[in-house]
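A short write-up of the structure that comes next.
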Amino acid sequence: MKDTLLQLLQQAIAQLKVEGLLENDFEARLQVTHTKDKSHGDLATNLAMMLAKPIGKSPRDVAQLIINALPESQAIKKVDIAGPGFINFFMAQDAQSAVIKSVIEQSSQFGHNNVGNNKKVQVEFVSANPTGPLHVGHGRGAAVGDCICRLLNATGWDVTAEFYYNDAGQQINNLALSVQARCKNKTPDDSGWQDDWYRGEYIVDVANDYMTKASIDAEDQHVTGKGDPDDLDAIRHFAVAYLRREQDLDLKAFAVNFDNYFLESSLYEDGKVEATVNRLVDNGFTYEDGGALWLKTTDFGDDKDRVMRKKEGGFTYFVPDVAYHLDKFQRGFERVINEQGADHHSTITRVRAGLQALNQGIPQGYPEYVLHQMVTVMRGGEEVKISKRAGSYVTLRDLIDEVGRDATRYFLAARRAESQLTFDIELAKSQTNDNPVFYIQYAHARICSTLREIVKQSREYSQEIGVENLNLLTLEHETQIMDKMSQFPDLVNAAANNCEPHVIAHYLRELAALLHGYYQAGKEDESLRWIVEDNNVCQARLTLITAVRQVLANGLELLGVSAPESM
RNA sequence: GCGCCCGUAGCUCAGCUGGAUAGAGCAAUCCCCUCCUAAGGGAUAGGUCGCAGGUUCGAAUCCUGCCGGGCGCGCCA
């Protein structure tokens, strides 16, 4: 419907050029939007206001010129000039109901496109170090990152989901020492327990399994406990594998999958860190000062230079980070998107500076970042801060166990990443219309239920008859729903381009509301029910709601939330 | 002090690559549904879009300066 109109307007612009009203090389940024208010028609364009200056007439006069230049079309019922110079289009019913045919034809692909053209994109997210169970913040990253993958996938990109972690740094050392202490039956209350050791209960489990020589199979780690409390290296390997497995279980429960796990240690083993440093030195962007090696990040917009190699030796964390991103670039990713907590914001300038200093033709804005703000978990108006297992923070697992995967995913993905998020446990758990997840899922289930009901009544749903009678869908409820569905493809495209899964969540709430309202109309006026005597009307309506079911399912799929057939 | 993010209805949030009277849910008040699921629907009320300037035909949206909140400012990751 929108595409048709865009084409017609292009023709009108061409016609205006033929008539000499517009310069031939003028390129209009054509915008057609779905109207908010039905009295403004179905679609509207601000073209006249954009052309007012180049043509040199008032917007409303220009609007008339555009309308005159518009080719005849069956799709348009009426055209109005309104307000400061908007052109409002009222579309013919069959142009509106065409969306139903599109949904039927494209089915699970409806809303998808191929703008990515199968180019490679990598999304790195979660990337938690294996020092404990995932917390809510990781959960937000997991939800947002996974949804971005789904969106990019739906828009034709070849997506690689990657998890990067440090398996060798000081934090891991502390982890090993904590486990070793537990192996020797020390507790955080004992003297000698260091401040930076991990105190959570889960450390006891790691220690017990290590001592009883258990085997650990994580996605990317396979280790058997040695049982020797004095072998710190063995403890370290075991603990890393154990906590990676722990995180795998959390992610699996959250329906998040990764294509690749990348170890920071591999960058050292493969000589990539050294190669990166040499390259930076060779390119003249480094200097020595106070026994340390510095990178001139100020040459690339940083507010001060950064240390690369510490006085005592050893690189700072951002050096392997640069090596890692060079590796991503060399793996041929057209785009790289890093989803991280906003507390890591300061690394952006450093990593990008490092990449530019490598002088390898890496684009300036590479990699892209999506940063999410903090999550506050509330229960009954009180902030929840601790979990028994992890001690100092609320784990993702706590949430999934208590409110379920679907609700957790929805709530963590339904906010703009840049906004701080309040996760209300009571709300997420409630099974009423307060809770958008249930509300949306119920809309889907309600349609499924109706299709079961028709069978109970010894009738059957015929898509063929329905499609033949789409012209009977003239109720306001029906046109609103068709209009809403026709917005879905643009919405998905925008959500993917901007890495904003939350717009999908909001859209689904709105579509579900229209569906419930449509249903309710039948409660008040029997002739408006979906299942009615007149078979043509009935089939047309069933075809409509079946299309709605498909769009709801497609949207929920993008969020990784299930679409139940009954509840 | 510097950098980034946020500030929209009582609450939780959309809208922000400028467009028509600023939207939704919850909470509040009132009403409807013996029916395909009462796990639903409708109505009313609720706003100086943090404040002040600027840009322009037009600003919640862009720019500047303030105010308030969060995060980050390590030779930690």
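Everything numeric here is computed off the predicted structure, so don't read it as measured data.
For B:C71, the paired nucleotide is B:G3, the pair qualifying as Watson-Crick or G-U wobble because both relevant distances are below 3.5 Å. Pair check for B:A27 finds none; no Watson-Crick or G-U wobble contact set falls under 3.5 Å. When both pairing distances are held under 3.5 Å, B:A20 makes no Watson-Crick or G-U pair with any nucleotide shown. A 3.5 Å limit on both hydrogen-bonding distances identifies no Watson-Crick or G-U partner for B:C76. Under the Watson-Crick or G-U wobble criterion, with both distances below 3.5 Å, B:A60 is left unpaired in every strand shown. The partner of B:G65 is B:C51, by the rule that a Watson-Crick or G-U pair needs both atom distances under 3.5 Å. Using N1 to N3 plus N6-O4 or O6-N4 for Watson-Crick, or N1-O2 and O6-N3 for G-U wobble, each under 3.5 Å, B:A14 pairs with nothing. Pair assignment for B:C35: none, as no Watson-Crick or G-U wobble contacts are both less than 3.5 Å.
The shortest distance between the side-chain N/O atoms of A:S419 and the OP1/OP2 oxygens of B:A14 is below 4.0 Å. Contact between the side-chain N/O atoms of A:H502 and the OP1/OP2 oxygens of B:G15 is found at a separation under 4.0 Å.
Residue A:M308 is out of contact with every strand shown, counting any heavy-atom pair closer than 4.0 Å. Nucleic acid contact class of A:H506 (heavy atoms, under 4.0 Å, all strands): sugar-phosphate only.
In A:E460, the CD atom is not crowded: 12 or fewer heavy atoms of neighbouring residues, nucleotides or ligands sit closer than 6.0 Å.
Remark: C1' of B:U61 and CG of A:N46 are 15 Å apart, rounded to the nearest angstrom. Straight-line distance from the CD1 atom of A:I454 to the C1' atom of B:C35: 15 Å, rounded to whole Å.
Tested against A:V548 for a side chain to side chain contact (heavy atoms under 4.5 Å, CB included), the candidates A:L511, A:I100, A:L514 yield a single pass: A:L511.
Relative ring orientation between A:Y324 and A:F262 is described as tilted, the plane-to-plane angle lying within the 30° to 60° band.
Atoms CG and CG, from A:L473 and A:L544 in turn, are 5.5 Å apart once rounded to the nearest 0.5 Å. In this structure, A:L280 CG and A:M308 CE are separated by 4.5 Å, a value rounded to the nearest 0.5 Å.
For A:N88 against B:A20, a side-chain-to-base donor-acceptor contact under 3.5 Å is present.
In this structure, A:E124 pairs ionically with A:K328, as a charged nitrogen and a carboxylate oxygen lie closer than 4.0 Å.
Side-chain atoms of A:H506 come within 3.5 Å of backbone atoms of A:A414 as a donor-acceptor pair (strictly under, hydrogens ignored). Put simply, the side chain of A:Q356 gets close to the backbone of A:P363: a donor and an acceptor are under 3.5 Å apart.
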* Asked: So A:R549 and A:C448, side-chain contact (heavy atoms from CB on, under 4.5 Å) or not? Walk me through it.
  -> CA-CA 8 Å; A:R549 180 179 67 171; A:C448 295; 3.6 Å; yes
Nucleotide N/O of nucleotides 25-28 of chain B paired with protein N/O under 3.5 Å:
{"from": "B:C26", "atom 1": "OP1", "to": "A:N433", "atom 2": "ND2", "distance (Å)": "3.3"}

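By the 5.5 angstrom centroid cut-off and the 30-degree plane limit, A:F86 is classified as stacked against the base of B:A20.
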* Structure fact -> 5' to 3', nucleotides 70-77 of chain B under a 4.0 Å protein heavy-atom cut-off (B base, S sugar-phosphate only, - none) gives SSSSSBSB
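Residues passing the ring-ring contact (aromatic ring centres under 6.0 Å, His included) test with A:F438, sequence neighbours excluded: none.
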